[in-house]
Novice: 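Dropping a structure here in structure tokens format, bear with me for questions.
Atoms within each ligand, like the ligands themselves, are counted from 1 in listed order.
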Amino acid sequence: MRPPATQRTLRRQNLGTVLQHVVRRGPRSRATIAQETGFNKSTVSSLVTELIEMGMLAERGAERTGTVGRPGLVVEVEGSGAAGVGLEVNVDYLAVRVVDLAGEVRHRAHEPVDLRGRDAGEMLDRLAAMAQAALGALREAGVRPAGITVALPGLVDAVTGTLLVAPNLHWEDLPVAAELGRRLGPDAPPIAADNDANLAALAELRTGAGEGLRDFVHVTGEVGIGAGVVLGGELLRGAHGYGGEFGHLTVEPTGRRCACGSVGCLETRAGLDALLSAAEESTEGADQQPVERLAARADAGDEKARAALAEGGRWLGIALASAANLLDPEAFVLGGYFAPLAEHLAPAAEAELRLRVLGAGRGLPALLTSPMGAEAAVCGAAGEVIERVMADPASVAGGPHYTS
Ligand SMILES: [Zn+2]
């Protein structure tokens, strides 16, 4: 049972409520905030003053609400008050994206690198260098870094920030958050880590194809295939936080050996390597280039490319049908490299859904294409930091009232 909220924790929650309100609804007067949140005017005034002192809100311009009385000042978000640093480790690239409280992208970088067979320490060094560059850019711009979240391609213990298993990289029990912290030094903001597909689904839920949906599955195609399951507007994590390992659903019990050690996983049929090999497309080039070439060939009517994508779509559809029967989602969002290939994968996948979903005649889950594609995970990682700031601004800003 949660302890009763003390006055101080209640005040902290209220600061978060007001900050979230202004971030989500835009600039408005104290009076309008009071009206919309149900707090009384003096409470709002004191909360806003404190958020201004923290550097998270600013008072600018004036809003004239009528012809009588003095115009009320308008309160707006101060982007530089906090920024979230999102990092992503994928099998074939590293990425960073920094987003501030106002939603502005402050810094971004993307490094293609094939991490298969590489040493984890080398990856951590490169990741730390990318994080340093991002923190340096924030320092120069006078923006407060509120935290770092790392998106990882495997099972993650989000409490300790440890990568437990990454089947395509053969790394196990890698304390990514701690190792990154050691490299960045004591001045680094708090570091967290989470599964990449979970973070991608959260990004879709906030600003992508999942906006406005309550129940959907975001399926991310990378070298591995992951999924983020959103039910009732919340991410489903499972008993240990390992839910959503969609790529390891068995679609072919006597099929091919998977990188995870099992046999016949979806990944062996619809993973990036399987698609490229079926289409006899070379894996040469930086991360997205083979996918772009495959999409271009299919667009131009190349039979081999089209057949490979139809076959991949068929296997994908078999797995989606199982998920549809189990979860009854409103939609599947195809993300990662599935997004640029969706047009060619979807018809065969839809045919399987029609065949296998109970009650298909009454309607099927929609197959949507992610507007973020391969960027969803790194956006979601940066977004997680901003969500934490909005939930408890005092945790970032500190200050004399909240030091204990
Ligand atoms: Zn597997």
Novice: Closer than 2.8 Å to the Zn ion (ligand 1), what protein N/O/S atoms do you find?
Specialist: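 Near the Zn ion (ligand 1), below 2.8 Å, one finds His248 ND1, Cys258 SG, Cys260 SG, Cys265 SG.
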Novice: Sub-3.5 Å donor-acceptor pair from the side chain of Asp114 to the main-chain atoms of Asp92, do we have one?
Specialist: no
Novice: Would you tell me whether Arg25 and Thr32 have side-chain atoms, one donor and one acceptor, within less than 3.5 Å of each other?
Specialist: no
Novice: Run the salt bridge (Lys or Arg N to Asp or Glu O under 4.0 Å) test on Glu88 and Arg108 for me, step by step, so that the C-alpha distance in whole Å, both residues' side-chain angles and the decisive distance to 0.1 Å come before the verdict.
Specialist: CA-CA 11 Å; Glu88 182 183 4; Arg108 71 207 305 169; over 6 Å; no
Novice: Quick check: does any side chain N or O of Trp315 sit under 3.5 Å from a backbone N or O of Gly271, one acting as donor and the other as acceptor?
Specialist: no
Novice: Kindly state each residue pair satisfying side-chain hydrogen bond (donor to acceptor under 3.5 Å, both in side chains) with at least one member in residues 370-382, sequence neighbours excluded.
Specialist: Arg97-Glu375, Glu204-Ser370
Novice: Checking salt bridge (Lys or Arg N to Asp or Glu O under 4.0 Å) for the pair Arg116/Asp273: CA distance, chi angles, key distance, verdict?
Specialist: CA-CA 13 Å; Arg116 278 174 286 200; Asp273 290 349; 2.9 Å; yes
